[in-house]
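First up is the structure itself, then whatever we jot down about it.
These figures come from a predicted structure and were not determined experimentally. Index from 1, following the sequence.
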Amino acid sequence: MADEPEKKTDFARQVGAKATRKLKARRHRTPGLWFGLGMMGLIGWSVVVPTLLGAAIGYWLDEHEPGQYSWTLALLMAGLIIGCFNAWYWVAREEQAMRDEQEDKHE
């Protein structure tokens, strides 16, 4: 009979631990396929938009202010460089968020 209260507290502790793990898993879901595709889309657009914007502005400048050098090519490259830095920023930010989440899990 003396073991019965001890078994109940052990069982209650196990149930509490499982409930805590479940709640933590709900709060910190692992990113799924759609998150990955969305992130690829976000990074892709962060490169494409400045590149196309630079090309469009360069084309307009070539039409209205023709010169020795191509504005289209120069601004296309500038847009591409800006877009790559933009994508690098997004990736670094997401990586830092994942590191912070990992540190929270270990605490």
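Judged as a salt bridge (Lys or Arg N to Asp or Glu O under 4.0 Å), and not counting sequence neighbours, the contacts of Arg99 are Glu95. Every residue two or more places apart in sequence or in another chain that forms a side-chain hydrogen bond (donor to acceptor under 3.5 Å, both in side chains) with Gln96 is listed here: Asp100.
Applying the salt bridge (charged side-chain N to carboxylate O under 4.0 Å, His left out) rule to pairs touching residues 58-71 yields nothing, sequence neighbours excluded.
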Please tabulate, for the side chains in residues 83-92, all donor-acceptor contacts under 3.5 angstrom to protein atoms that are two or more places apart in sequence or on a different chain.
none

Do any side-chain atoms of residues 36-50 form donor-acceptor pairs under 3.5 angstrom with protein atoms, and if so which ones, sequence neighbours left out?
| from | atom 1 | to | atom 2 | distance (Å) |
| --- | --- | --- | --- | --- |
| Ser46 | OG | Leu42 | O | 3.4 |
| Ser46 | OG | Ile43 | O | 2.7 |

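Counting all heavy atoms, side chain and backbone alike, Thr72 lies closest to Ala55 at CG2-O, 3.9 Å.
Other cluster members for Ile57: Leu53, Trp60, Leu61, Trp71, Leu75, joined by side-chain heavy-atom distances under 4.5 Å among Ile, Leu, Val, Met, Phe, Trp and Tyr.
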